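Worksheet: one structure, shown below.
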Amino acid sequence: LKLYDKSNQANISGQGIHPVLANIETAGKLSSGSEIRNALIMYITIKAPNPRAILLKPFELVKKLDKWDADIFLGFKDVEMTTLDENPKGSQDASINE
């Protein structure tokens, strides 16, 4: 069982996935809701920019071919993690502080 646990941790670590998101028990305990929320926000912020850009390519092509107005923009909102006492959702749009 110890070898199985270590192999799971090594596998997930090698793929760059936070153990919490993969539901891998670390240090003999499962995670709290706040830790899961923070891990998901970090994963989306760090790992998702390239897939998001790839998803937008067909829409940009349609925009160009159909000659949409230049003031129409497509994209994803980036988030910034906050503490729960600052914002009950634990995140906010990244543009708020700009």
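Every value quoted in this text rests on a predicted model; they were computed, and no experiment measured them.
L3 belongs to no multi-residue hydrophobic cluster, having no ILVMFWY side-chain contact under 4.5 Å with any other such residue. L65 forms part of a hydrophobic cluster together with L61, judged by ILVMFWY side-chain heavy-atom separations under 4.5 Å.
At least one test fails for K64 against the ring of F59: distance under 6.0 Å to the centre or angle within 45° of the axis.
The side-chain contact (heavy atoms from CB on, under 4.5 Å) test applied to I72 returns W68, D69, not counting sequence neighbours.
Distance check: L55 CG to E60 CD gives 12.0 Å after rounding to the nearest 0.5 Å.
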